[in-house]
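Read the structure below first, then the notes.
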Amino acid sequence: MFNNRTKIKHLLQSEPTGNEVIVMGWVRTFRNNQFIALNDGSTNNNLQVVTELGLLDDATLKRITTGASLKVTGIIVASQGKGQTVELKATTLEVLGDSDAEKYPLQPKKHSLEFLREKAHLRFRTNTFGSVFRIRHSLAYAIHKFYNDKGFVYLHTPIITASDAEGAGEMFRVTTLPMDGTAPKNEDGSINYKEDFFGKSTNLTVSGQLEGELGAMAFSEIYTFGPTFRAENSNTTRHLAEFWMIEPEMAFSDIEDNMNLAEEFIRYLIKYVMEHNADDIDFLDQRLAEEEKSLPQDKRSEFGLKEKLEFVVNNPFERITYTEAIQILLDSPAYKKKKFQYEVKWGIDLQSEHERYLVEKHFKKPVIVTGYPAAIKAFYMRLNDNCEEGKQTVAAMDILAPGIGEIVGGSQREERYEKLVARMQEMHIPVEEMSWYLDTRRFGSVPHAGFGLGFERMVLFVTGMTNIRDVIAFARTPNNCEF
RNA sequence: UCCCGAAUAGCUCAGUUGGUUAGAGCAUCUGACUGUUAAUCAGAGGGUCACUGGUUCAAGUCCAGUUUCGGGAGCCA
């Protein structure tokens with residue numbers, strides 16, 4: 001019975017046909033006892049519902065409050081007012097759900113993002129979060145479309161894993177053993193995980209990459225897209241304890257192919273959203289422009305949101321090696337004026353301030369850095385041949401985005417069995433436990449490469465939002481697991 | 001985890017060198033108006049000044065600790 005309704009987005013694009021339609025939605029504001037701004041989440045633009053005098057009794061009028069849900073039957077007519085071309089002249093109106101005006105937290109005014117973060121269950125009903133989450137949806141859809149169209153197989157890698165060799169940070173433990181001290185113990189007093197649900201110690205995944213590689217060794221190209229968990233005590237605007245990650249993995253590919261795919265991928269996603277969510281991008285663009293007005297001159301960004309997205313779509317990313325990056329930093333005015341807090345020399349991991357300088361000051365566009373020192377990168381990355389003495393590098397690549405920092409991290413994988421095993425031993429990775437992984441190098445090993453793209457960081461970049469907690473529905477961060 | 005900052009009405013914020021009864025706009029409620037666009041006009045209600053302790057004749061204001069939030073750093077996507 002509810003399916004004969006018309007969506008507001010559709011109605012707003014239609015002519016004043018004089019046809020009778022049914023709409024349902026939530027009241028944003030009620031003006032003049034006569035004009036209802038109704039929203040159903042299909043767009044930020046509200047439908048103006050006009051109730052003529054005498055249509056509704058006083059008791060019903062009082063129930064039309066911000067947040068209340070309505071079913072309205074009416075005629076689509078040309079609007080006499082200025083803010084819209086068509087409006088709905090109501091013939092019948094039913095309040096589906098009341099919303100106590102004294103208790104409903106959202107007002108028809110601008111709220112701070114901090115306040116709305118505490119009301120995450122209701123913030124979808126605001127323009128900003130409406131736009132953000134419609135865009136998030138579009139991005140998720142576009143990701144599947146991109147890889148599907150290229151013939152990649154969507155592989156669901158496990159959420160629960162016994163592998164603790166991924167080396168990507170602290171993990172959340174998964175167990176059914178009691179926490180009150182009565183868990184079975186070994187002779188040395190440590191917990192006996194043989195008695196646990198899986199017969200071993202298990203955790204939530206920090207990456208699907210290693211399993212992804214197994215898939216790539218059969219399907220040639222796979223991608224994963226799922227939740228990832230890191231138990232790091234990170235309190236920043238770009239880290240979550242539970243986040244989503246896309247990890248493509250391609251056989252018969254090297255670091256060049258990897259960079260090409262990542263760059264094409266990012267550009268595709270931006271283009272898709274600019275085409276399919278133009279209204280939402282416009283809204284966020286204006287919102288950001290308003291925000292910027294209240295900032296001091298030197299804190300304002302050079303580009304508006306749309307300008308930034310268009311620029312990224314139309315200009316190739318800068319590609320430099322780690323060694324070149326270090327040289328640029330050493331030659332920079334910032335370095336000479338001792339502006340950097342951290343030391344710059346070959347062998348260091350690039351700090352935020354260094355990445356920001358390269359991306360925001362020097363190149364002013366996304367930058368792909370390749371060829372990092374082996375000592376600061378993971379065991380599975382392919383050792384580059386013919387390196388200078390003492391400067392062994394790996395075929396790693398990080399994509400650094402303005403305002404976000406690292407948005408992609410990837411590499412060509414070490415496909416040579418002996419070199420991989422030697423590297424694992426060097427880095428104290430338990431080789432026996434990883435024999436399933438090493439089997440790919442024993443049986444028909446091929447050059448292959450892949451990367452991880454942080455989904456929420458991508459949403460941040462496309463929406464121009466600045467806090468990662470505002471682009472995921474219910475953020476999980478240290479000390480916060482509400483809703 | 002470290003550094004910096006903040007916490008006053010439902011929301012956003014003001015509150016002077018410590019000194020009467022802590023204010024404004026918006027929201028809410030009551031009434032008026034009825035082609036409005038975050039409607040407008042008039043009136044009303046609304047406060048554990050985050051918490052705990054201290055200094056003082058006197059603390060929203062000063063000090064210490066705690067909690068929470070924000071920004072930055074590290075870890076990373």
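Each chain gets a letter, A, B and so on, in the order the sequences are listed, and its residues count up from 1. Remember, predicted model here, so these are calculated numbers, not experimental data.
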Minimum-distance nucleotide to [X] side chain [options: [options]]:
X: A:Asn479; options: B:U68, B:C29, B:A27; answer: B:U68
X: A:Val50; options: B:U12, B:G35, B:C76; answer: B:G35
X: A:Ser112; options: B:U12, B:C75, B:U1; answer: B:U12
X: A:Ser352; options: B:G74, B:G31, B:A77; answer: B:G74
X: A:Gln34; options: B:G35, B:C33, B:C75; answer: B:G35
X: A:Thr236; options: B:U37, B:G70, B:C75; answer: B:C75
X: A:Phe115; options: B:G31, B:A77, B:C11; answer: B:C11
X: A:Arg31; options: B:A39, B:U28, B:A77; answer: B:A39
X: A:Arg117; options: B:A38, B:G74, B:G70; answer: B:G70

Separation of [N] [atom2] from [X] [atom1] (nearest whole Å):
X: A:Lys109; N: B:A9; atom1: NZ; atom2: P; answer: 12 Å
X: A:Gln107; N: B:U12; atom1: CD; atom2: P; answer: 9 Å
X: A:Leu88; N: B:U37; atom1: CG; atom2: P; answer: 20 Å

Do the charged groups of A:Lys377 and A:Asp398 touch, with an N to O distance under 4.0 Å?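 Yes, this pair counts.
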Between A:Glu353 and A:Tyr342, do the side chains contain a donor N or O and an acceptor N or O under 3.5 Å apart?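 Absent: no donor and acceptor within the cut-off.
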Are there over 12 heavy-atom neighbours, none belonging to A:His10, within less than 6.0 Å of that residue's NE2?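 No, NE2 of A:His10 has 12 or fewer neighbouring heavy atoms, counting only those of other groups under 6.0 Å.
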Are A:Phe363 and A:Phe317 an aromatic pair by the rule of ring centers under 6.0 Å?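 So the answer is no for these two rings.
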I'd like to know whether the aromatic ring centres of A:Phe146 and A:Tyr272 sit less than 6.0 Å apart in this structure.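 No, they do not, as the ring centres are separated by 6.0 Å or more.
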Determine whether any donor atom in the side chain of A:Glu102 lies under 3.5 Å from an acceptor atom in the base of B:G10, or the reverse, and answer yes or no.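 Per atom types, no contact qualifies.
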Go nucleotide by nucleotide along RNA chain B from the 5' end; which of A:Trp244 and A:Gln80 gets its closest nucleotide reached first?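 Nearest-nucleotide comparison on RNA chain B picks A:Gln80.
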State whether [X] places a side-chain N or O below 4.0 Å from either non-bridging phosphate oxygen (OP1 or OP2) of [N].
X: A:Asn32; N: B:U36; value: no
X: A:Thr66; N: B:A27; value: no
X: A:Ser234; N: B:C76; value: no

Does A:Lys150 have any side-chain hydrogen bond (donor to acceptor under 3.5 Å, both in side chains) partners at least two apart in sequence or in another chain, and if so, which?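 Result, side-chain hydrogen bond (donor to acceptor under 3.5 Å, both in side chains) vs A:Lys150: A:Glu264.
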Answer yes or no for this row: A:Phe35 ring on B:A39 base, centroids under 5.5 Å, planes under 30°.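 The ring of A:Phe35 is not stacked on B:A39.
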Starting at the 5' end of RNA chain B, what dot-bracket string do you get if Watson-Crick and G-U pairs under 3.5 Å are bracketed, crossing pairs use [ ], other-strand pairs use | and unpaired bases use dots? (((((((..((((.....[...)))).(((((.......))))).....(((((..]....))))))))))))....
Are any of the side-chain heavy atoms of A:Ile326 and A:Thr323 separated by less than 4.5 Å?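 The answer is no, as the side chains (C-beta and beyond) never meet within the 4.5 Å cut-off.
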